[in-house]
Amino acid sequence: MREKIEKIIRNAIKIDPSEKITIEVPGRPEHGHFATNIAMALASKKRMPPRKIAEHIVSNIQDKEGIIEKVEIAGPGFINFWIKDEAWYKSLKLILDKRENYGRQDIGKGKKVMVEFVSANPTGPLHIGHARGAAVGDTLCRIMEFTGFDVTREFYINDAGNQIRLLGESIYSRFRQFSDPEYPFPENGYHGEYVIDLAKRISQERDLSSMKEEEAIGFCAERGKEILMEKIKEDLDAFGVHFDSWFSEKSLYESGLVEKAIKSLEEKGLLYEKDGALWIKTSQFGDDKDRVLRKSDGQFTYFASDIAYHMNKRERGFEQAINIWGADHHGYIPRLKAALVCQGFPENWLRILLIQLVKLWKGGKEVKMSKRSGEFITFRELMDEVGVDAMRFVFLTKSHDSTLDFDIDLVKRKDTENPVYYVQYAHARICSIFRKAEEKGVNYKEPDLEELSCLKLPEEIELIRNAVEFPYVLKEIINNLEPHRLTYYLTSLASVFHRYFNLGTNRPENRVVTDDPILTNARLSLSEAVRIVINNGLRLLGVSAPERM
RNA sequence: GCGCCCGUAGCUCAGCUGGAUAGAGCGUUGGACUACGAAUCCAAAGGUCGCAGGUUCGAAUCCUGCCGGGCGCACCA
């Protein structure tokens, strides 16, 4: 619908094709179904009063398809459009025809995109911050797939640094403490309960006491990492997040990709040696200063492997990379981007979405968490306590760049405080209407356009208008990488439906199921269309759409 | 000190990239079912959009400077 109006405007006045025309849904009904400010936007460029431009546009409008009921110029120069009911009925029919594919678009045109997210260190269980990243990342992926992108979900495993060594030391120390409580624990070791569990499990699998200390620590590190990765996979699986690929940092070293990356940078003259270390000239490309790739002790830094990793992403044919990171990594962005741009990567090849921190509340108090101190509530515990649907939905009700208060007691409540039930209830309610109709002997069938024309209530047109916004909402989400808009949209669609439904509470003639078979069928069609959109939307959120609650 | 994010109703947050009278949920007050499901709906009350300038026909939105809060500023990962 928007596209059609835009086309009509472009045909009515000469506009630079690059000029953007914003078409919005006005907040007040007397301003029409759609409005544009194009006349005001062009006023200064054309040196003409906006109302004059608007008049020019309006008088040149050619409505070949006959979708426009009325056009008005209002206020300083807005052009307001009213759409004919018939055009709305056609849109409604389109939803019914496309069903689970309604909203599917080819914005991406098959573009190969890698979305890397969660990427938690395998040194402990996932926590609530990871959960937020998982929810946002996975929903973004689902929406991108639905809009024509070829998406790969990847989890980057940081298994190369000394944190894995530290994990091994922590496990080994716990093992020794079983027999010798005085055995020292590593200074920055991992204190969580899970380390003790790992020590128990690993010592049952293998006789650690017969091994040399070094060997035992190495074994604990390797095995501990494996077990934790399994748990991470299980948790994500239960959350409905399935990665296509798990990429090990260690493998970058083993396959020589880090060396190769360094060599390539060297050939481009981007490296130099200073104080026994190898540096990269990122400061010339937007970073605060140059960075070390190889320390004076000969070890590569994490940054080196990260550069190699992103070069490898591109070599694997990805035309775009999206990384979803915790906000505490923001300082790292300029250097990574600089390192890629300096070797000729397109400016926006890598896009990074920062997810702000989550504050966990329980019993009216903030729960402070730290992996080192071992005081935390795990992702798994939360998921078991509040449920996947509520969790995924709540994480997407806030913009990703705003910190989020996650109140367990609140999210757990299965009542009106929880927006996920509001949307799910609308879905269940529609299913219930269909059950009721069947009980009454109504046979619902696909409507033709003619029949839909009995939908005359303003609330009915309003409902169609809201439902057909769905594809546009998805488009906006993709353009801005703001998946949280979907929950707002669904909540508002559910609201419009609930209001419509309640028209029938005291007035049977306004119910969906009435004595008039044609009207009933048309209203069932409308309800079905709403159900389809809610169902498609919830699917993209990874939230279930129950038929009963 | 420098950088990034946030500051909107009592609370938690949206605000369609500069538009018309700033929205939702919760909370408060008052209403609507012998039922197409009340997990819903209707109504009321509640705002100097952190502060001060600037840009223009027009600013919660863009720019500058302050003030608060969070997070970063390694030859760690």
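First the proteins, then the strands, lettered A, B, ... as listed; each starts at 1.
Comparing atom distances between the A:Glu249 side chain and each of B:G37, B:A77, B:G19 picks out B:A77 as nearest. The side chain of A:Leu354 approaches B:C4 more closely than any other nucleotide in the set B:C4, B:U40, B:G19. Side-chain proximity of A:His31 to the nucleotides B:G19, B:A77, B:A20 is greatest for B:A20. For A:Glu482, whose side chain is taken as the heavy atoms from C-beta onward, the closest listed nucleotide among B:C76, B:U17, B:C5 is B:U17. Nearest to the side chain of A:Lys436, among B:A77, B:G3, B:C36, sits B:C36. Considering only side-chain atoms of A:Thr301, the nucleotide from B:C36, B:U40, B:A77 that sits closest is B:A77. Residue A:Asn162 has its side chain nearest to B:A77 when only B:A77, B:G3, B:C75 are considered. Closest approach to the A:Lys295 side chain among B:C36, B:A77, B:U17 is made by B:A77 (side chain taken as heavy atoms from C-beta onward). Here the nucleotide nearest the side chain of A:Ser296, chosen from B:C75, B:C16, B:U40, is B:C75. For A:Met40, the listed nucleotide lying nearest its side chain is B:C57; candidates were B:C41, B:C75, B:C57.
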At under 4.0 Å between heavy atoms, which parts of nucleotides 8-13 of chain B does protein reach? Answer with one letter per nucleotide, 5' to 3': B base, S sugar-phosphate only, - none.
----SS

Starting at the 5' end of RNA chain B, write a dot or bracket for each base, bracketing those in Watson-Crick or G-U wobble pairs whose two distances are under 3.5 Å and using | for partners on another strand.
(((((((..((((.....[...)))).(((((.......))))).....(((((..]....))))))))))))....

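Not counting sequence neighbours, A:Thr491 has no partner by the side chain to side chain donor-acceptor pair (under 3.5 Å) test. With sequence neighbours excluded, the residues satisfying ring pair (Phe, Tyr, Trp, His ring centres under 6.0 Å) with A:Phe185 are A:His191. Qualifying ring pair (Phe, Tyr, Trp, His ring centres under 6.0 Å) partners for A:Phe285, counting only residues two or more places apart in sequence or in other chains: none.
In this structure, A:Phe501 does not count as stacked on the base of B:C41 under the 5.5 Å centre distance and 30° plane angle limits.
Aromatic pair A:Phe155/A:Phe247: centroids not less than 6.0 angstrom apart. For A:His400 and A:Phe395, the distance between ring centers is not under 6.0 angstrom. For an aromatic pair to be called close, the ring centres must be under 6.0 Å apart, and A:Trp82 with A:Phe34 fails this.
In terms of phosphate contacts, A:Tyr332 brings no side-chain nitrogen or oxygen within less than 4.0 Å of OP1 or OP2 of B:C71. Side-chain N/O atoms of A:Arg429 include one lying less than 4.0 angstrom from OP1 or OP2 on B:A38. In this model, the phosphate group of B:G15 is approached by a side-chain N or O of A:His484 to a distance below 4.0 Å at OP1 or OP2. Within the structure, a side-chain polar atom (N or O) of A:Arg499 is placed less than 4.0 Å from OP1 or OP2 of B:C42.
The side-chain contact (heavy atoms from CB on, under 4.5 Å) with A:Ile79 is formed by just one residue from the set A:Ile57, A:Ile5, A:Ile23; it is A:Ile57.
A 6.0 Å sphere centred on CD of A:Glu273 holds more than 12 heavy atoms belonging to other residues, nucleotides or ligands. Within 6.0 Å of CD on A:Glu187 lie no more than 12 heavy atoms contributed by other residues, nucleotides or ligands.
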Pick out the pairs of N or O atoms, protein on one side and nucleotides 29-33 of chain B on the other, that lie under 3.5 Å.
{"unit_1": "B:A32", "atom_1": "O2'", "unit_2": "A:Asn506", "atom_2": "ND2", "d": "2.9"}

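Counting distance only, with no hydrogens placed and no angle test, the side-chain atoms of A:Asp328 and the base atoms of B:G72 include no donor-acceptor pair under 3.5 Å.
Side chains of A:Ser305 and A:Glu249: a donor-acceptor N/O pair is present below 3.5 angstrom, by distance only.
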